[in-house]
Amino acid sequence: RAAEDRRSPVAAAPAPREEEPPDDFLCPITTEIMSDPVMAADGHAYERTAIERWLATKSTSPMTGEALEHTFLSPSHMVRRQIREWQQAHPG
C-alpha cells in the first residue's frame with residue numbers, strides 16, 4: 001500500500017505524444033510518410049523517388065531482396081488517399 005501512495009498521478013499518466021502514422025503509410029526505404037506512393041512488382045508501396053533511385057542500380061525488392069519480375073511502378077491512389085485522410089485527421 002505504501003508503494004501506491006508514493007506513485008504520483010503525473011508519473012502514472014502516459015506522456016502526451018503525437019500519434020504515429022500507420023506503418024503502411026511509411027516508405028520502407030525512407031521510413032517517412034509517402035507523398036507519391038507507387039506499387040512495385042513485389043506488392044509493396046514505396047515513395048516514387050526512393051524506389052526509382054533504388055531501381056536505377058538494382059533489380060531486386062528492397063523488402064525481400066528477391067528479383068523483381070518487372071520494374072514498372074503503378075501509382076497507388078488508394079494509399080495516397082488514405083495518407084491524406086490520416087494527415088487531415090492528425091494535423092501537425
Side-chain angles (χ1 to χ4, degrees):
R1 179 86 188 143
E4 288 179 38
D5 293 338
R6 283 195 300 254
R7 237 185 351 200
S8 96
V10 173
R17 63 180 180 86
E18 283 187 26
E19 186 175 341
E20 294 294 320
D23 287 344
D24 289 344
F25 294 176
L26 304 178
C27 173
I29 298 172
T30 66
T31 67
E32 295 179 1
I33 291 182
M34 295 180 280
S35 60
D36 187 11
V38 293
M39 194 68 65
D42 61 1
H44 294 281
Y46 301 93
E47 178 63 31
R48 181 182 297 276
T49 55
I51 190 66
E52 285 175 345
R53 280 194 308 268
W54 176 274
L55 294 174
T57 60
K58 301 170 185 71
S59 58
T60 56
S61 163
M63 293 293 286
T64 66
E66 294 183 19
L68 293 172
E69 290 184 29
H70 58 79
T71 57
F72 175 77
L73 302 173
S74 61
S76 187
H77 300 293
M78 175 84 66
V79 173
R80 181 180 302 150
R81 187 173 73 245
Q82 290 172 334
I83 290 170
R84 285 185 183 151
E85 289 172 359
W86 185 88
Q87 288 174 321
Q88 288 172 352
H90 301 85

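Between the CE atom of Met34 and the CZ atom of Arg48 there is a distance of 12.0 Å, given to the nearest 0.5 Å. Distance check: Arg84 CZ to Ile33 CD1 gives 13.0 Å after rounding to the nearest 0.5 Å. With values rounded to the nearest 0.5 angstrom, His44 atom NE2 is found 12.5 Å from Ser76 atom OG. Interatomic distance, Thr31 OG1 to Glu47 CD, rounded to the nearest 0.5 Å: 12.0 Å. A distance of 12.5 Å separates CD1 of Ile83 from CD of Gln88, quoted to the nearest 0.5 Å.
No more than 12 heavy atoms of other residues, nucleotides or ligands sit less than 6.0 Å from atom CD of Glu66. Other residues, nucleotides and ligands contribute at most 12 non-hydrogen atoms within 6.0 Å of the CD atom of Glu69.
Under the 4.5 Å side-chain heavy-atom criterion for ILVMFWY residues, a single connected hydrophobic cluster contains both Leu55 and Val38. Residues Leu73 and Ile29 share a single hydrophobic cluster, defined by chaining ILVMFWY side chains whose heavy atoms lie under 4.5 Å apart. Transitive grouping of hydrophobic side chains (ILVMFWY, heavy atoms separated by less than 4.5 Å) keeps Met63 and Leu26 in distinct clusters. Following chains of ILVMFWY side-chain contacts shorter than 4.5 Å, one cannot reach Met78 starting from Phe25, and the two form parts of different hydrophobic clusters.
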Given Arg81 and His77, is the side-chain contact (heavy atoms from CB on, under 4.5 Å) satisfied, shown in steps? CA-CA 6 Å; Arg81 187 173 73 245; His77 300 293; 5.7 Å; no
Candidate pair Leu68 and Ser61, rule side-chain contact (heavy atoms from CB on, under 4.5 Å), full reasoning: CA-CA 6 Å; Leu68 293 172; Ser61 163; 3.8 Å; yes
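Taking the six-membered ring for Trp and thresholds of 30 and 60 degrees, His90 and Trp86 have nearly parallel ring planes, at less than 30 degrees apart.
With hydrogens and angles ignored, the 3.5 Å screen pairs no side-chain donor or acceptor of Glu32 with any backbone N or O of Cys27. Looking at Trp54, its side chain does come within 3.5 Å of a backbone N or O of Thr60 through a donor-acceptor pair.
Between Gln87 and Pro21, every side-chain heavy-atom pair lies at or beyond the 4.5 Å cut-off.
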